[in-house]
Peer 1: 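Take this structure, written in structure tokens, and hold onto it; I'll ask about it next.
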Amino acid sequence: MVFAAPNDALARAEGLLGADPSPLHASVAHQVIGIWQRDWGDMRIALRHLRRARDLAARAESAEREADVLAALGVALVHAGRTQQGLAALERGVERGSGHTRARVLYRRAYAHWVLGRHREALEDVRRAIPVLRQVDDVIWVARALTLRATVHLAVGAVDRADADFTAAEALWGTTGQEHDKADAVESRGLAAFRSGDIPVALRLFDEAEERYAKLGTPSFMLYIRRCEVLMAAGLASEAVIEADAAIGVLDGIGGQSTRKAELLLVAARAARLAGDPGTAIARAALAVRLFAGQRRPWWETHARLVLIQARVAAGRGSGRLVADAAAVAEKLASFGAPAAPEASLLAGRIALGLGWTDDAEQHLAVAARSRHGGPPLARMTGWAAQALRARSAGSGRGVLEACRRGLDVLDDHRTTLGASELRARATEQGAELAALAQQASLESGGPRRLLVWSERWRATVLSAPPTRPPADPALLGDLTAFREIAARAEEARSDGRPVPALDREQRRLEREIRSRTLHIRGETPGDGDRFDVGRLLARLDGVRLVELAVLDGRVQVLLCGDGRVRRFEAGLLAEAEVEAEHVQAGLRRLAHPGAEARLPLVEAMGRRLEELLLGPAAAQLGSGPVVVVPPGRLHRVPWALLPSLRERVLSVSPSASSWLRALETEPPPDDRQVLVRGPGLASGGAEVPELADRYGRPTLLEHEDARVPRVLGELDGAALAHIAAHGTFRADSPLFSSLRMADGPLIVHDFERLDRSPHRIILSSCDTARLASVGADELLGLVTALLPLGTAGVVASSAPVNDAAVVPLMLALHKGLSTGLSLAEALRDARAALPGDALHQATGWAFTAFGAV
């Protein structure tokens, strides 16, 4: 019962012990309590009960009972870090048992070997156990043995064999009532999906397993570890650190398994390194190494040493000793058959290159490069990264570009399996090194055109296709509705000055549910075969200058496109531009309030400084026509209209040149339908909306109780023009929950992604609606980037706080220009010029940007 109804089994065992049982029956009861405590409670209590069970079995003179208890005790001792004692108990169990009992003991010794990373020994014990268990028709233990064998196959990279065993085990579990084992089987299928590169399916299965464990009241620390691995592969390393540390806290609180603590420390170290926190990674990995060594788990210890070396390199500690350490780790991992071996060889080669040891680097990189032709996507990318470094070391620019192209193609194929835009954006981080190598090689040997091609190859790739639409999932729709209601109630309570911890907790819970369900969505979009063509771009510019900013070695490279050619100019340092952009944002926030006129010259001076850093000598070559700026993700908050050379011209911004071309070629909807939306809570009351309603004659007007999310979404779908006057909130912690406040609560990015086609042109007239989060390699998440792949060809939005009253004349002037047939960028330029010349209105005009091409 202990794996079918764990808490019921515990209660019955405790009840049996209170009834003065025989030594044989008491041994069973103590063993059940020991297993429960071993897997879900305090290891010290577990060992006490299991030793008592062993002694009682000996008193009962039952060799089979004693063998079974010794097996459970051996596993517990291994989990407690007492490896020698545990293996000795298991060996004694094999000796004492016979037939069916011995097969069960062999299975548990195989499990202990798997925990210790001794995969060959684990497979041998399972091989001996399965025929006996099948002969006596022990369905439960055959299913357990098949599940374990599949898990070991996964650990050594044999995904096909693992899948066959998981399938066979799942069929057997369906005939039993072993609910915990069934949950474990679902978790194991999730692991198999992850190893084969299917992250959405892995996350869905892990969530299903967690629900099953929760119903049983039995936490699974292995599930935490596996989910952390998937989160890291999806680019969510910071979340993985939080999850791992939380699980360590729970484990410490119950006095749980030492082996699981070491594994959680290892996964926390890996996540911290990927999250850019090498100090934490070093501390976690060093402790994991010590624990694994004490537990006599060389397979695990070697993996922890790899992470420790990676973290030390990230902290700037490259040395000859680390080359030798990384090479030794690679050799040992290869001897284990571990899939991480190429990663260690790549690390050794990369450190050696940094030290100028080209011969040593070539030796290690050649080994790592072998993985480029097989295995899961990230392993193949490791191989192509090694091949690119080999080519660079050999001075072959063509070889670098070919390796980078092949590696990024692998990543593109992987990303198309991801339906959620967040996962697709964050996954691009895996290819950042390949993209940087290709751009550097282009700069050195290929000229401006080639650099533009490679800049586009890796810029805003997530926007190249719309996210997969969420399915008509009643649970997801219910969560979205509940989220709006709770968020609206919490906002109302906060505005009244009342604390709302319960509502805040429920809102966070619903956010987790919504996000979890959207991450399960599998991609349906095939790889984009329409590669960027410089000639096509230049032909479509037609008097327009497109300025694409690339960043190489921390410096801004300006690629100026127009008049049939691409020219390159070198500007300032990205880090300095980022600092100046933050100062500008602070200045605009201050100018949004009356009485700050004295700061206007200071903000204008900041604009001049930004122009020097971002455009350099290219500013004097822009001509007099329209300009399209394509900035890197880290510069998304720059108010481009503040720059002197851009201030009085037609100006638009695009995440990429490819995105601008798609917007330019997007056909408007057949009917010229306008939708005006006015949400609650604006200081101006959205005063421009009634005037706009009069101007357009018979637009769809949604305000007051009509401005509810379902109605708003229904009217926005396929509209020609939408104007939304609503309070905007940007969520840096979770950008896809950035929102516009409607009558019934927030309209979030996840809602927009449910549209069949977003409005052809959309104007967002409130604060912060153009704020975006920079994630992955060079991707952006937020309201604007959610709209662009869904059919929107032009957006006007604000990247800074604005004065609501000053927005009204700007919006009225903007729509006046649109009604005469101007584009958004043209109308916005004229609207800025029509504003009063005081600081408040000037700052308001600078805060708004036109995105897209219409």
Peer 1: Can you name the nearest heavy-atom pair linking L70 to A89, along with the distance?
Peer 2: CB-O, 3.6 Å

Peer 1: Do the side chains of V126 and V152 get nearer than 4.5 Å, heavy atoms only?
Peer 2: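 Not touching, per the 4.5 Å side-chain cut-off.
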
Peer 1: Donor-acceptor pair, distance only, cut-off 3.5 Å: does the side chain of R102 make one with the backbone of G97?
Peer 2: yes

Peer 1: Is there a side-chain hydrogen bond (donor to acceptor under 3.5 Å, both in side chains) between H79 and T259 once you walk through the steps?
Peer 2: CA-CA 5 Å; H79 273 311; T259 51; 2.4 Å; yes

Peer 1: Return the set of residues passing side chain to side chain donor-acceptor pair (under 3.5 Å) with S98 (not counting sequence neighbours), or none when no residue passes.
Peer 2: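 Partners of S98 by the side chain to side chain donor-acceptor pair (under 3.5 Å) criterion, ordered by chain and then number, come out as E64.
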
Peer 1: So which atom in R108 and which in V75 form the shortest heavy-atom distance, rounded to 0.1 Å?
Peer 2: O-CG2, 3.7 Å

Peer 1: Could you grab the distance from atom CD of E66 to atom CZ of R92, nearest 0.5 Å is fine?
Peer 2: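 Rounded to the nearest 0.5 Å, the CD-CZ separation comes out at 5.5 Å.
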
Peer 1: Say you draw a straight line from CZ of R82 to CG of L87; how long is it, rounded to the nearest 0.5 Å?
Peer 2: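 Spacing of CZ (R82) from CG (L87) equals 14.0 Å.
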
Peer 1: Could you tell me whether D184 and R144 have a side-chain N and a carboxylate O separated by less than 4.0 Å?
Peer 2: no

Peer 1: Side-chain contact, heavy-atom cut-off 4.5 Å: L274 with V241?
Peer 2: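 Side chain of L274 against side chain of V241, heavy atoms only: no contact under 4.5 Å found.
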
Peer 1: Any non-hydrogen side-chain atom of L56 less than 4.5 Å from a side-chain atom of V28?
Peer 2: no

Peer 1: How about E14: does its CD atom have over 12 heavy atoms from other parts shown lying under 6.0 Å from it?
Peer 2: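 Counting other residues, nucleotides and ligands, CD of E14 exceeds 12 neighbours.
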
Peer 1: Quick check for you: to the nearest 0.5 Å, what is the distance between E124 atom CD and E121 atom CD?
Peer 2: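 Taking CD in E124 and CD in E121, the distance rounds to 9.5 Å.
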
Peer 1: To the nearest 0.5 Å, how far apart are CG in D68 and CZ in R54?
Peer 2: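 That separation rounds to 14.5 Å.
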
Peer 1: May I ask you to decide if A368's main-chain N or O and S371's side chain share a donor-acceptor pair within less than 3.5 Å?
Peer 2: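 Yes, because the side chain of S371 sits within donor-acceptor range (under 3.5 Å) of the backbone of A368.
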
Peer 1: Step by step, would you call Y111 with V78 a side chain to side chain contact (heavy atoms under 4.5 Å, CB included)?
Peer 2: CA-CA 10 Å; Y111 172 83; V78 167; over 6 Å; no

Peer 1: Going through the distances and angles, do Y107 and I130 end up as a side chain to side chain contact (heavy atoms under 4.5 Å, CB included)?
Peer 2: CA-CA 8 Å; Y107 158 77; I130 286 177; over 6 Å; no

Peer 1: Rounded to the nearest 0.5 Å, what separation is found between the CZ atom of R128 and the CG atom of L133?
Peer 2: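 Taking CZ in R128 and CG in L133, the distance rounds to 12.0 Å.
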
Peer 1: Side-chain contact, heavy-atom cut-off 4.5 Å: V367 with H364?
Peer 2: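 The answer is no; the side chains never approach within 4.5 Å.
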
Peer 1: Which heavy atom of L50 sits nearest to which heavy atom of I35, and what is that distance?
Peer 2: CD2-N, 4.3 Å

Peer 1: Charged N to carboxylate O under 4.0 angstrom, E263 versus R260?
Peer 2: yes

Peer 1: Of E187, E243, E239, which is the lone residue that meets salt bridge (charged side-chain N to carboxylate O under 4.0 Å, His left out) with R227?
Peer 2: E243

Peer 1: Start with the C-alpha distance between W36 and N7, add both sets of side-chain angles, then the distance that settles side-chain hydrogen bond (donor to acceptor under 3.5 Å, both in side chains), and finish with yes or no.
Peer 2: CA-CA 8 Å; W36 193 99; N7 295 328; 3.2 Å; yes

Peer 1: What is the minimum heavy-atom distance between F166 and S188, and which atoms define it?
Peer 2: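 Nearest pair, atom of F166 first, then S188: CE2-CB, 3.0 Å.
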
Peer 1: Answer with yes or no after comparing the ring centroid distance for H119 and W114 against a 6.0 Å cut-off, counting only values under it.
Peer 2: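 Here the rings of W114 and H119 have centres that are no less than 6.0 Å from each other.
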
Peer 1: To the nearest 0.5 Å, what is the distance between CD on E301 and CG on L308?
Peer 2: 11.0 Å

Peer 1: Taking all heavy atoms of A269 and all of R284, pick out the closest pair and write down the distance.
Peer 2: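 In this case the closest contact between A269 and R284 is CB-CB, 3.6 Å.
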
Peer 1: Does the pair D325 and R305 meet the rule for a salt bridge (charged side-chain N to carboxylate O under 4.0 Å, His left out), with working shown?
Peer 2: CA-CA 9 Å; D325 289 347; R305 289 191 183 281; over 6 Å; no

Peer 1: Which heavy atom in A237 sits nearest to a heavy atom in A275, and how many Å separate them?
Peer 2: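 Distance-wise, the nearest heavy atoms are CB-N, 3.8 Å.
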
Peer 1: For the side chain of S27 and the backbone of P23, is there at least one donor-acceptor N/O pair under 3.5 Å apart?
Peer 2: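 Answer holds: no.
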
Peer 1: With a 4.5 Å cut-off on side-chain heavy atoms, are V329 and H303 touching?
Peer 2: no

Peer 1: Going by atom types only, do R52 and Q31 share a side-chain donor-acceptor pair under 3.5 Å?
Peer 2: no

Peer 1: For R212, check side chain to side chain donor-acceptor pair (under 3.5 Å) against everything at least two apart and list the hits.
Peer 2: E208

Peer 1: Taking C-beta and beyond as the side chain, do E91 and R109 meet within less than 4.5 Å on heavy atoms?
Peer 2: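 They are in side-chain contact.
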
Peer 1: Show your reasoning for whether side chain to side chain contact (heavy atoms under 4.5 Å, CB included) applies to T176 and K182.
Peer 2: CA-CA 9 Å; T176 76; K182 288 180 181 178; 4.0 Å; yes

Peer 1: Salt-bridge test for R104 and D138: reply yes if a basic N is under 4.0 Å from a carboxylate O, no otherwise.
Peer 2: yes

Peer 1: Give me the ring orientation class for H180 and F3: parallel if the planes are under 30° apart, tilted from 30 to 60°, perpendicular past 60°.
Peer 2: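 Judged by the thresholds at 30° and 60°, the geometry between H180 and F3 is tilted.
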
Peer 1: So, does W300 use its side chain to make a donor-acceptor pair with the main chain of V115 at under 3.5 Å?
Peer 2: yes

Peer 1: Could you tell me whether the side chain of L231 reaches within less than 4.5 Å of the side chain of F206, counting heavy atoms only?
Peer 2: no

Peer 1: Would you say that more than 12 heavy atoms from the other residues, nucleotides or ligands in this model lie under 6.0 Å from the NE2 of H25, or not?
Peer 2: no

Peer 1: Take V230 and R226 through the test side chain to side chain contact (heavy atoms under 4.5 Å, CB included) and record every step on the way to the result.
Peer 2: CA-CA 6 Å; V230 177; R226 287 167 173 170; 5.8 Å; no

Peer 1: Taking C-beta and beyond as the side chain, do V186 and L205 meet within less than 4.5 Å on heavy atoms?
Peer 2: yes

